[in-house]
Amino acid sequence: MIHSVSIRPFPDQKPGTSGLRKKVRVFQTPHYTEAFIQSVFDAEPGLRGATLILGGDGRYLNREVIQVALKMAAANGVARVRVGRGGLLSTPAASHLIRISGAIGGLILSASHNPGGPEEDFGVKYNIANGGPAPERVTDAIYARTLAIDRYLILEVPDLDLDRLGEQRLGEMVVEVVDPVADYAALMETLFDFRTIRALIASGFSLRFDAMHAVTGPYAREILERRLGAPEGSVVNATPLPDFGGGHPDPNLVHAHALYEHMMGPDAPDFGAASDGDGDRNLVIGRGRFVSPSDSLAVLAANAHLAPGYSAGLKGVARSMPTSGAVDRVARALGVACYETPTGWKFFGNLLDAGRVTLCGEESAGAGSDHVREKDGLWAVLLWLNILAVRRQPVAGVLDEHWGRYGRNYYVRHDYESIDSAAADSLVEALRTLLPQLPGKRFGPLQVEAADEFAYHDATDGSVSERQGLRVMFEGGSRVVYRLSGTGTSGATLRVYIERYEPPSGNLHQEPAEALAELAAAADAIAGIAAWTGRNAPDVVT
Ligand code: VG1
Ligand code: CO
């Protein structure tokens, strides 16, 4: 029995950097979740009769919203939904399933690195038929629909059994519960030389993968432990929990601190890695050596040809604007194009679809390739392992050689979290006004060369995305970038990205905080961070 439920629109359902993210309590407001899902369905013209992919990162509310989405999909004429067992699918696995199923798209229930639980965050992302996050043209249409919606459609039926593999019916619609790991693991086997990685591990190479109680646990156990032979227990925090064990599943030096400590300690394994809530990010730490995500992207680009899936070389690379220029130097050496896009994976999709780039990445610990249309945490870990297995060098050695050839882009990101939204907007507005006056000004020993606001012109479809970050470039190639986060759920988060290049002949082994101290001081002086936010130090430094 299809019910049409009358509702009034919610004014706050504008998707951010990566879908709609709100407190669980907000999603629990009567009809709130349904209103957003119906808006997605209404904005997708090809939905009726199509296949849809559905899954989430297992956080609090995941199972409930999966049931709602299934009943709404049935009421909206979807022919088939492929849903991960237990309602689980990592973001890259969902992207892959969309592509191999010929699906019209997929709903991914995740707030990624944001914490989970009844008082924490939930999120809904929509990915389109290429497997990638909905581009702005689609998220704009979804948002417009949320402002006008007056009803949603839902089938009145009992809940489905999400834990039984195979097909069930929901009205006219077929629901297929699939193994969330199988297709993804098979894809990884086509890209990487599992035999060589297995031999490396068999020779005593040790690793630790911290799944942070999030969705990647089952994937990492299947691939790293079962297929590649890492001893049981190499994957820690491997069971997805609704509240991620109380932590933030954000793979950085702050929230993955336990892994960092372990990797710097006397019993460190050769290789350490962590992933985020929905499995699309990766953090890589060698024994005694942290790899900044921007450096990781550059190393992967420089060495990708060592893995079978990339032996033909790279067509090009892309990075988000705030990501360091380390990968640009590799692209130059390889003689391939390097694109600079706004923050968020949705901007890479067109470049990947057009065959212009093979590899992409972000400073926030996201890297990926044209194998799916999302960033992919385990993929990056496997590419690292494949590279190490071929080169038979420790992570630190690979990084030292890389810097010795390309130089080092010292890099740090300062996050000021949960600041007052009005103060954050004022800071940005004031800085925007100041930009034209900055060139020529001195801040300590640093002289500003140029300053602008980044706008992206998509070379494949001509679309333009304005206001994607404020940039201040200094003489000598250093820079500071400011932007407001689009994934937070309370107040505003100011991100300040700080970068300085050191040539191969320079000092390549400074502490980043030291190497960037003058720039960080300039970053504060230019934007008046302390004055606007009342904060004297960032909350999170990564
Ligand atoms: C953050 C990161 C960005 C990433 C986005 C989604 O966005 O900075 O690089 O693409 O999260 O990643 P923002 O707007 O807060 O800076 V995920 O793993 O949360 O889906
Ligand atoms: Co994520």
Side-chain angles (χ1 to χ4, degrees), residues 14-21 55-59 89-95 108-116 121-127 132-136 139 211-212 214-216 219 240 244 248-252 255-256 274-283 293-294 297 318-324 340-349 360-368 372-380 411 413-419 424 428 454 465 467-469 481-497 539-540 542:
K14 188 175 168 58
T17 310
S18 179
L20 182 71
R21 289 187 197 182
D57 63 12
R59 69 178 58 226
L89 277 180
S90 78
T91 289
S95 181
I108 305 172
L109 310 182
S110 173
S112 189
H113 59 282
N114 299 26
D121 296 350
F122 190 74
V124 180
K125 306 192 269 188
Y126 184 63
N127 282 27
E136 284 193 324
T139 54
M212 303 186 83
V215 81
T216 338
Y219 295 85
F244 308 119
H248 289 225
D250 196 346
N252 60 34
H255 298 298
S275 192
D276 71 335
D278 60 333
D280 55 4
R281 303 220 200 157
N282 73 91
L283 180 75
S294 293
L297 176 65
R319 63 164 171 83
S320 67
M321 182 274 284
T323 303
S324 96
E340 191 177 35
T341 59
T343 293
W345 214 260
K346 58 184 169 222
F347 297 100
F348 292 134
C360 334
E362 296 191 276
E363 52 66 42
S364 54
V372 289
R373 292 292 179 275
E374 282 279 5
K375 51 193 186 284
D376 188 343
L378 255 179
W379 167 88
Y411 191 86
R413 184 177 99 187
H414 289 180
D415 291 337
Y416 298 81
E417 293 183 336
S418 299
I419 54 179
V428 167
F454 180 59
S465 304
R467 302 199 155 187
Q468 297 295 330
V481 175
Y482 307 82
R483 60 178 282 281
L484 296 181
S485 157
T487 59
T489 58
S490 58
T493 293
L494 171 70
R495 302 203 196 283
V496 184
Y497 310 82
D539 300 274
V540 177
T542 54

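Below, each value reflects all heavy atoms present in this structure, side chains not excepted, and no hydrogens, waters or symmetry copies. We count ligands from 1, going down the list as the structure has it; atoms in each ligand are counted the same way. Throughout, numbering of the chain's residues begins at 1 and tracks the sequence.
Atom 2 (C) of ligand 1 has as its closest protein heavy atom S364 OG, 3.6 Å. Among all non-hydrogen protein atoms, the one lying nearest atom 4 (C) of ligand 1 is E362 OE1, 3.6 Å. For atom 7 (O) of ligand 1, the nearest protein heavy atom (residue, atom name, distance) is T487 CG2, 3.5 Å. Closest protein heavy atom to atom 11 (O) of ligand 1: R281 NH2, 3.1 Å.
Counting the atoms of ligand 1 from 1 in the order shown, those under 4.0 Å from a heavy atom of S18 are 6 (C), 20 (O). Ligand 1 places these atoms under 4.0 Å from at least one heavy atom of R413: 8 (O). Which parts of ligand 1 touch H113 is read off a 4.0 Å heavy-atom cut-off, strictly below it: atoms 11 (O), 19 (O). Of all atoms in ligand 1, listed by their number and element, those nearer than 4.0 Å to a heavy atom of G486 are 13 (P), 14 (O), 15 (O). Distances below 4.0 Å separate heavy atoms of D280 from the following atoms of ligand 1: 18 (O), 20 (O). Using a 4.0 Å cut-off to heavy atoms of S112, the atoms of ligand 1 that qualify are 17 (V), 18 (O), 19 (O), 20 (O). Ligand 1 places these atoms under 4.0 Å from at least one heavy atom of K125: 20 (O). Within the listing of ligand 1, atoms 18 (O) sit less than 4.0 angstrom from a heavy atom of D276.
Looking at T493, its side chain never comes within 3.5 Å of a backbone N or O of E417 through a donor-acceptor pair. The closest donor-acceptor contact from the side chain of T323 to the backbone of E363 lies under 3.5 Å. Using modelled atom types, one side-chain atom of R281 and one backbone atom of S364 make a donor-acceptor pair closer than 3.5 Å. No side-chain donor-acceptor contact under 3.5 Å links Y219 to the backbone of L378. The backbone N or O of P115 lies less than 3.5 Å from a partner atom in the side chain of R59, making a donor-acceptor pair. The backbone N or O of M321 lies less than 3.5 Å from a partner atom in the side chain of R319, making a donor-acceptor pair.
Qualifying salt bridge (Lys or Arg N to Asp or Glu O under 4.0 Å) partners for D278, counting only residues two or more places apart in sequence or in other chains: K125.
Among L494, T17, V496, the single residue meeting the side chain to side chain contact (heavy atoms under 4.5 Å, CB included) criterion with R483 is T17. Among V215, I108, D276, the single residue meeting the side chain to side chain contact (heavy atoms under 4.5 Å, CB included) criterion with D57 is V215.
The CG atom of D121 lies 11.0 Å from the OG atom of S112; values are rounded to the nearest 0.5 Å.
Sorted by chain and number, the protein atoms of type N, O or S within less than 2.8 Å of the Co ion (ligand 2) are S112 OG, D276 OD2, D278 OD1, D280 OD1.
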Practice prompt. Let me see the working for R21 and N114 under side chain to side chain contact (heavy atoms under 4.5 Å, CB included), right down to the final yes or no.
Written response: CA-CA 9 Å; R21 289 187 197 182; N114 299 26; 3.3 Å; yes
Worksheet item: Going through the distances and angles, do S324 and Y497 end up as a side chain to side chain contact (heavy atoms under 4.5 Å, CB included)?
Response: CA-CA 9 Å; S324 96; Y497 310 82; over 6 Å; no
Worksheet item: Taking it one step at a time, do N282 and S275 satisfy side chain to side chain donor-acceptor pair (under 3.5 Å)?
Response: CA-CA 5 Å; N282 73 91; S275 192; over 6 Å; no
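Ranked by closest heavy atom to atom 6 (C) of ligand 1, the top entry among R483, K375, K346 is K375.
Look at E374 and you'll find every heavy atom at least 4.0 Å from all atoms of ligand 1. For S320, the closest heavy-atom approach to ligand 1 does not fall below 4.0 Å.
Under the 3.5 Å distance criterion, with hydrogens and angles disregarded, no donor-acceptor pair is assigned to the side chains of R495 and Y416.
Residue contacts with ligand 1: A111 is placed with no nitrogen or oxygen under 3.5 Å of a nitrogen or oxygen of the ligand (distance criterion only). Some N or O of T17 is nearer than 3.5 Å to an N or O of ligand 1, by distance alone. Checking only distances, R21 does come within under 3.5 Å of ligand 1, N or O to N or O.
Taking the six-membered ring where the residue is Trp, H255 and H248 present parallel rings, their angle staying beneath 30° rather than reaching 60°.
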